[in-house]
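Remarks on the structure that follows.
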Amino acid sequence: MQFDRKDLTNEQLLDIYRNLLWPRMIEEKMLVLLRQGKISKWFSGIGQEAIAVGATMALQPDEWIMPLHRNLGVFTSRNMPLHKLFKQWQGSKDGYSKGRERSFHFGNKEHHICGMISHLGPQLAIADGVALAHKLKKEKKVSLALTGEGGTSEGDFHEALNVAAVWDLPVIFLIENNGYGLSTPTTEQYRCISLVDKAKGYGMGGVQIDGNNVLTVYDTIKGVRDYCIKNQKPYLIECLTFRMRGHEEASGTKYVPPKLFEIWELKDPIKNFELFLSVNHIISQSGIDEIRNEFKENIESELAIGFDSPVMVPDEEEEMNDIYAGHPGIRPQSGVVVVDNSEPAHYLSESSHELRLIDAIKEALHQSMKQHSDLIIMGQDIAEYGGAFKITDGFVNEFGKERIRNTPICESAIVGAALGLSLEGYKGVMEMQFADFASVGFNQIVNNLAKVNYRWGQNADVVIRMPTGGGVGAGPFHSQSNEAWFTHTPGLKVVYPSTPIDAKGLLIAAINDPNPVLYFEHKALYRSISGPVPEKYYEIEIGKARQVRSGNEIGIITYGAGVHWAEDYAAEHPEISIDILDLRTLLPLDYAAIRATVERTGRILILHEDTLVGGIGGEIAAWIAEHCFPLLDAPVMRCASLDTPVPFNIELEKNFMAKARLDESINKLLNY
Ligand SMILES: Cc1ncc(C[n+]2csc(CCOP(=O)(O)OP(=O)(O)O)c2C)c(N)n1
């Protein structure tokens, strides 16, 4: 192996050597502990250390890295103490994730390491968001995301590279091509000759290098870093290497021809570098022995601390509280919503104007853009075109293209980028063109945004606007009520206003909230519902329902279009005393308000446009049955849409809608 030291001093070369050897020696020890049953799963990076170490050393310590499961060298080169890493691998409370995450699936803000989720590819787009933040702040920094060659087959790889290229983001995408993705060889993973050829397709530069030569990796990444910063462009690097052990230790290597191990053993990154240092008299054999002995002792003393963790005593309150950043969680068991919003509702007085729901949303966004100079809005066609529903019409002229960002059709990458913006302290609002399309950003929403605060204490300051609902003859993929996909996911907040005053106040609150909020806006209500809206900037508290109407014969608990159906029904049937509760927030639910509605009426109908099975109505019904049973005069009933996709034909759609069965449901409940 040829090493070119360029202008590196002996001290620098020795520093690289120490950084390279340290994760190898840690791993060798871990493999022993694994065999002794003292640690669980282990993904080996043996033979690939030059990539993680060279890359990390080529960056500044405050530049974010998005590593994966084999990248111990990233964590060690960022000087994370072994005892704490070991506590992390043991699942101890005093590790990096309070025992909530396994192996390398954790991040740490202080070390600028973003924790992976198991799905691999989602790491890449987070790097886009971080790089966007650097670009907006005009900082001379890059972000660096790693992927295996297997991960390049994921849609997330394509989306992240495409967005970085289109937005001219200084991101380094680093492929570790180690020959196998679990048991799958490269021949069954891709058809191009070299993965780096893909760079051309995205309109970015790329280079393929020897990933086992630490000086090549270090020097290339230093150069690429300069290029990305100077030219404000992304770059793709393919590092050729080999996975010297099984995918994880239990899975073996039977499918790998033994010859390959022999070939790659000769290319071992550490042995070769050691030889280079010796031959060039940069280190002597006794110098090598000294370092190895020092590391051996360090490992033992660090492990002694690492093993010394208190026994895990689960603290339910802490578990619940860490779901959300900055806000205590909810405890459905007690039925009490705990929110730390002490500000009184100060929005009712003072001057107001009549706005349609759509205009109230626009006003909330507009005022928020003025309030938060670090708020970025992203979505398809939202800039010059003004968005599919024209909500951001005119924004680009006022706030500029940097903050009002048209996106390629890459929902997953944009959600990931929004998370990346959060890592650098920005707020992101993403407009899904239609709520239906959240399905292609689903993984990033439910696995990254929702879980990141609980997993390693990084908040996701992201609002996703979800134009939702049917009644407009738009067929199965532009009409869905998919809020229940998200209400089942701890860590998200789900908000669903039905009136202009709430739409504005809840959107402002969602943007101010440091947590990921799915904000549903019903398309059929956009222009059909108007009402008075205070002109000033105000919040409506997330997690608080609104009593729309007071009654004592029947209580309708609903939200969105259901509120208007219920109000219309009540107006048409003055003979029935109907109480209506508009939930406004579906996660967390306002259990106190739900209970009060049961207390007032004893008969509850839950009404929603969403289909019946698995809808939020089932959850509310179960909660009432469990907690309010003595208050009931009849079983809780549900009125929901048919359990079919949303049909296109207007008559079919009308029949699909819950509204078609409202009268029947109310009569059934009243006559029970
Ligand atoms: C979306 C997804 N599909 C499948 C898996 C299971 N899985 C975990 S790692 C892995 C192989 C990854 O191969 P590669 O990207 O080349 O990285 P390597 O493990 O070789 O470092 C697979 C299939 C996963 N974690 N996520």
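Side chains included, hydrogens not; waters and symmetry mates left out as well; all remaining heavy atoms used. Order of appearance sets the numbers: ligands from 1, and atoms from 1 within every ligand. Since this is a predicted model, take the numbers as computed values, not measurements.
Using a 4.0 Å cut-off between charged nitrogen and carboxylate oxygen, Lys141 and Glu63 do not count as a salt-bridge pair. Under a 4.0 Å N-O distance rule, the pair Glu28/Lys296 does not qualify as a salt bridge. Salt bridge annotation for Glu319-Arg100: present, with a cationic side-chain nitrogen under 4.0 angstrom from a carboxylate oxygen. The pair Arg24-Asp268 counts as a salt bridge, with a side-chain nitrogen and a carboxylate oxygen less than 4.0 angstrom apart. Residues Lys84 and Glu302 are not paired through a salt bridge, judged by the lack of any N-O separation under 4.0 Å between the basic side chain and the carboxylate. In this structure, Asp219 pairs ionically with Lys6, as a charged nitrogen and a carboxylate oxygen lie closer than 4.0 Å.
At a heavy-atom cutoff of 4.0 Å, ligand 1 is contacted by the side chain of Arg70 but not by its backbone. The part of His247 lying near ligand 1 is the side chain, judged by heavy-atom distances below 4.0 Å. Only the side chain of His69 comes within 4.0 Å of ligand 1, judged by heavy-atom distances. With a 4.0 Å heavy-atom cut-off, ligand 1 is reached by no atom of Phe43.
For atom 20 (O) of ligand 1, the closest non-hydrogen atom on the protein side is Tyr180 O, 2.8 Å. In terms of protein heavy atoms, atom 15 (O) of ligand 1 is closest to Gly151 N, 2.9 Å. Nearest protein heavy-atom contact of atom 12 (C) of ligand 1 is Leu120 CD1, 3.9 Å.
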Next item on the list: For Asn178 and Arg70, run side-chain contact (heavy atoms from CB on, under 4.5 Å): C-alpha distance rounded to whole Å, both residues' side-chain angles, the deciding distance at 0.1 Å, then the answer.
Entry: CA-CA 11 Å; Asn178 66 3; Arg70 281 183 218 294; 3.8 Å; yes

Check: Run the side-chain hydrogen bond (donor to acceptor under 3.5 Å, both in side chains) check on Trp22 and Glu49 step by step: do they pass?
Finding: CA-CA 10 Å; Trp22 180 229; Glu49 296 95 337; over 6 Å; no

Margin query: side-chain hydrogen bond (donor to acceptor under 3.5 Å, both in side chains), that's the test. Do Asn448 and Gln444 meet it? Break it down for me.
Written below: CA-CA 5 Å; Asn448 244 336; Gln444 289 281 26; 2.8 Å; yes

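Counting only heavy atoms, the protein gets under 4.0 Å from atom 17 (O) of ligand 1. Note that atom 5 (C) of ligand 1 has no protein non-hydrogen atoms nearby, at separations under 4.0 angstrom. Distance screen at 4.0 Å: atom 24 (C) of ligand 1 has a protein heavy-atom neighbour inside the cut-off. Remark: atom 10 (C) of ligand 1 lies closer than 4.0 Å to at least one protein heavy atom.
Close contacts of ligand 1 with Gly148, meaning ligand atoms under 4.0 Å from a residue heavy atom, involve 14 (P), 15 (O), 16 (O), 17 (O). Near Leu182, meaning under 4.0 Å from any of its heavy atoms, are these atoms of ligand 1: 11 (C). Close approach to Ser118 involves these atoms of ligand 1, each under 4.0 Å from a residue heavy atom: 24 (C), 25 (N), 26 (N).
Between Asn178 and ligand 1, an N or O atom pair is found at a separation short of 3.5 Å. On a distance-only criterion, Glu154 and ligand 1 share no N/O pair closer than 3.5 Å. Considering both main-chain and side-chain atoms, Gly181 never comes within under 3.5 Å of ligand 1 through any nitrogen or oxygen pair. Among the atoms of Arg243, none of the N or O lies under 3.5 angstrom from an N or O of ligand 1. Checked by distance only, ligand 1 and Gly150 come closer than 3.5 Å through their nitrogen or oxygen atoms.
Between Phe3 and Phe273, the ring planes lie tilted relative to each other; the angle falls in the 30° to 60° range.
A side chain to side chain contact (heavy atoms under 4.5 Å, CB included) with Asn177 holds for exactly one of Val196, Leu195, Thr147, Thr241; it is Leu195. For the pairing with Asp168, the side-chain hydrogen bond (donor to acceptor under 3.5 Å, both in side chains) check across Lys233, Gln232, Lys135 returns one residue only, Lys233.
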